[in-house]
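Reviewing the structure listed below.
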There are 2 protein chains.
Amino acid sequence: MLLRVQPDSRVPLGEQIAACVRGALADGTTLPGERLPPAREVAASLGVNVHTVLRGYQRLRDEGLIELRRGRGAVVRADESTRGRARLLTAARSLIAEARGLGLADEDVLSLVRTALAAGPAE
Amino acid sequence: MLLRVQPDSRVPLGEQIAACVRGALADGTTLPGERLPPAREVAASLGVNVHTVLRGYQRLRDEGLIELRRGRGAVVRADESTRGRARLLTAARSLIAEARGLGLADEDVLSLVRTALAAGPAE
DNA sequence: AAATTGTTCGCATTCACCTAGAACAACCTA
DNA sequence: TAGGTTGTTCTAGGTGAATGCGAACAATTT
């Protein structure tokens with residue numbers, strides 16, 4: 001399980017950690033039943049506070065993706081993986097179809113996405 | 001032009017206002033050449049500070065959707081592609097939000113779009 | 001000229017996020 | 001049972017973005 005973090009990002013660190021796990025879940029890197037590394041370990045590895053990691057874990061628990069239990073750690077629960085990625089790809093194809101319908105070239109689509117990316121998180 | 005805002009949302013007020021305009025532009029409620037209500041007026045109407053409204057307007061200007069000029073106000077760009085561009089920006093932001101929720105970095109989003117572009121026509 | 005409207009200052013306040021340390025409770029293993 | 005592991009809870013403080021507030025300013029319209 002590869003956990004990366006960008007301290008200068010506008011996205012909260014806890015959310016970034018949660019997003020990493022979601023991603024690993026989405027692409028099959030992490031499977032149901034698998035155990036996430038202990039929060040203290042992740043914290044030391046990322047140079048981040050334990051509470052921050054746990055906040056990310058608790059967020060995943062609230063989303064129903066993992067279970068948290070004292071002494072046992074964080075265990076992946078549901079199988080949300082392929083569905084999320086499928087949603088994402090569908091959204092991407094829809095975006096592209098709409099762009100082509102407006103006569104935009106591929107480069108135009110990419111630069112549009114770049115613009116929206118630079119604008120920051122919408123929610 | 002209907003502008004609504006949810007003060008308790010985590011989404012910044014300025015961004016909420018910008019999103020309202022994008023939506024109105026996307027669904028044809030607001031047309032190119034049309035003038036947005038003055039910032040002071042919107043501020044009073046929503047119970048929000050003028051600067052907050054202007055921050056939303058300036059964001060739209062940065063996205064190329066409107067023009068801002070002193071004394072004249074905020075005008076939707078007469079460019080024919082403005083409306084489509086608003087739709088695309090909305091779709092792109094939705095895609096990006098979903099991608100971030102799955103833990104994808106900016107570069108990942110771009111390469112995803114590149115992949116989908118290379119995949120050819122959607123239908 | 002006067003009113004309108006966006007622009008740019010500076011400053012204060014609020015709040016989410018992060019860090020830090022400590023004690024505690026549930027769980028596992030030897 | 002004893003001890004280590006791991007999440008939970010508590011208090012406390014620091015930082016930065018978002019927002020509010022007031023004022024002066026510049027371009028445009030009427």
Side-chain angles (χ1 to χ4, degrees), chain A residues 1 3-21 33-77 118-123, chain B residues 1 3-21 30 33-78 100-101:
Chain A
M1 158 87 53
L3 294 176
R4 284 170 303 176
V5 141
Q6 299 174 344
D8 293 338
S9 168
R10 289 175 46 188
V11 181
L13 291 175
E15 168 55 30
Q16 286 188 48
I17 294 173
C20 286
V21 177
E34 198 168 322
R35 178 176 166 181
L36 302 184
R40 285 172 173 84
E41 185 179 308
V42 173
S45 164
L46 294 179
V48 161
N49 195 279
V50 190
H51 299 99
T52 304
V53 178
L54 283 170
R55 207 173 304 123
Y57 279 9
Q58 284 155 6
R59 186 161 205 167
L60 293 170
R61 178 194 55 191
D62 294 343
E63 292 172 355
L65 293 181
I66 66 174
E67 281 182 1
L68 289 178
R69 304 191 68 171
R70 295 169 176 168
R72 184 182 301 178
V75 181
V76 177
R77 202 163 66 120
E123 39 186 315
Chain B
M1 158 83 56
L3 293 176
R4 283 171 304 179
V5 140
Q6 298 174 343
D8 293 339
S9 168
R10 297 178 304 255
V11 181
L13 291 175
E15 168 54 30
Q16 287 189 47
I17 293 173
C20 285
V21 178
T30 298
E34 198 169 323
R35 177 177 165 181
L36 302 184
R40 285 171 173 81
E41 185 179 309
V42 174
S45 163
L46 295 180
V48 161
N49 196 277
V50 190
H51 298 98
T52 305
V53 178
L54 282 170
R55 207 173 307 119
Y57 279 8
Q58 285 155 5
R59 186 164 205 167
L60 293 170
R61 180 194 54 192
D62 294 343
E63 292 173 356
L65 293 181
I66 66 174
E67 284 183 0
L68 289 178
R69 305 189 69 170
R70 295 168 176 168
R72 184 181 303 177
V75 181
V76 178
R77 288 178 54 113
R100 288 221 170 99

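When reading the values below, keep in mind they use all heavy atoms of this one structure, side chains included, and skip hydrogens, waters and symmetry mates. Lettering of chains follows the sequences in order, A, B, ..., and the numbering in each one begins at 1.
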*N/O (side chain, B:Arg55) to phosphate O (OP1/OP2, C:dG6) under 4.0 Å*: no
_Counting only side-chain heavy atoms from C-beta out, which of C:dT7, D:dT6, C:dC17 sits nearest to B:Leu54?_
C:dT7
_Presence of A:Arg40 side-chain N/O under 4.0 Å of D:dG4 phosphate oxygens OP1/OP2_ = no
*asked:* Check this one for me: any side-chain N or O of A:Arg61 less than 4.0 Å away from OP1 or OP2 of D:dG7?
replied: no
*Which whole-number value in Å describes the distance from B:Leu13 CG to C:dC15 C1'?*
13 Å
*Nearest-Å distance, CD (A:Glu67) to P (D:dT8)?*
12 Å
*Atom-to-atom span, CD of B:Glu15 to P of D:dA17 - whole angstrom*: 17 Å
*asked:* Tell me the closest heavy-atom pair linking A:Ile66 and A:Tyr57, and the distance in Å.
replied: CD1-O, 3.4 Å
*Return the nearest nucleotide to the side chain of B:Pro12; candidates are C:dT19, D:dT19, D:dC21.*
D:dT19
*Figure out the CG/P separation between A:Asp8 and D:dG16, and round it to whole Å.*
11 Å
*How do A:Gly14 and B:Val50 order along DNA chain C: which one's closest nucleotide is nearer the 5' end?*
B:Val50
_Given D:dT19, C:dA25, D:dC21, identify the nucleotide with an atom nearest to the side chain of B:Thr52._
D:dT19
*Return the value, rounded to whole Å, for the distance between atom CD1 of A:Ile66 and atom C1' of D:dT6.*
13 Å
*asked:* Rounding to an integer number of Å, can you tell me how far A:His51 NE2 sits from C:dA16 P?
replied: 18 Å
*Backbone N/O of A:Gln6 and side chain of A:Gln16: donor-acceptor pair under 3.5 Å*: yes
*asked:* I need the CG-C1' distance between B:Asn49 and D:dT19, as an integer number of Å.
replied: 7 Å
*Can you figure out which of C:dG6, D:dA18, D:dT9 approaches the side chain of B:Ala39 most closely?*
C:dG6
*Check the distance between C:dC17's P and A:Arg10's CZ and give it to me in whole angstrom.*
13 Å
*Can you name the closest pair of heavy atoms from B:Gly33 and B:Val75 and give their distance?*
O-CG1, 3.5 Å
_With a 4.0 Å cutoff (strictly under), does any side-chain N or O of B:Gln58 reach OP1 or OP2 of C:dT7?_
yes
_Nearest to the side chain of B:Arg70, heavy atoms from C-beta on, is which of D:dA26, D:dA23, D:dG7?_
D:dA26
_The single option from B:Leu13, B:Leu3, B:Leu36, B:Ile17 passing side-chain contact (heavy atoms from CB on, under 4.5 Å) against B:Val53_ = B:Ile17
*Side-chain donor or acceptor of A:Arg61 paired with backbone N/O of A:Ala74 under 3.5 Å*: no
*Nearest to side-chain heavy atoms of A:Arg72, which nucleotide of C:dC28, D:dG7, C:dT8*: C:dC28
*Examine C:dC27: is either OP1 or OP2 under 4.0 Å from a nitrogen or oxygen in the side chain of A:Arg69? Give yes or no.*
yes
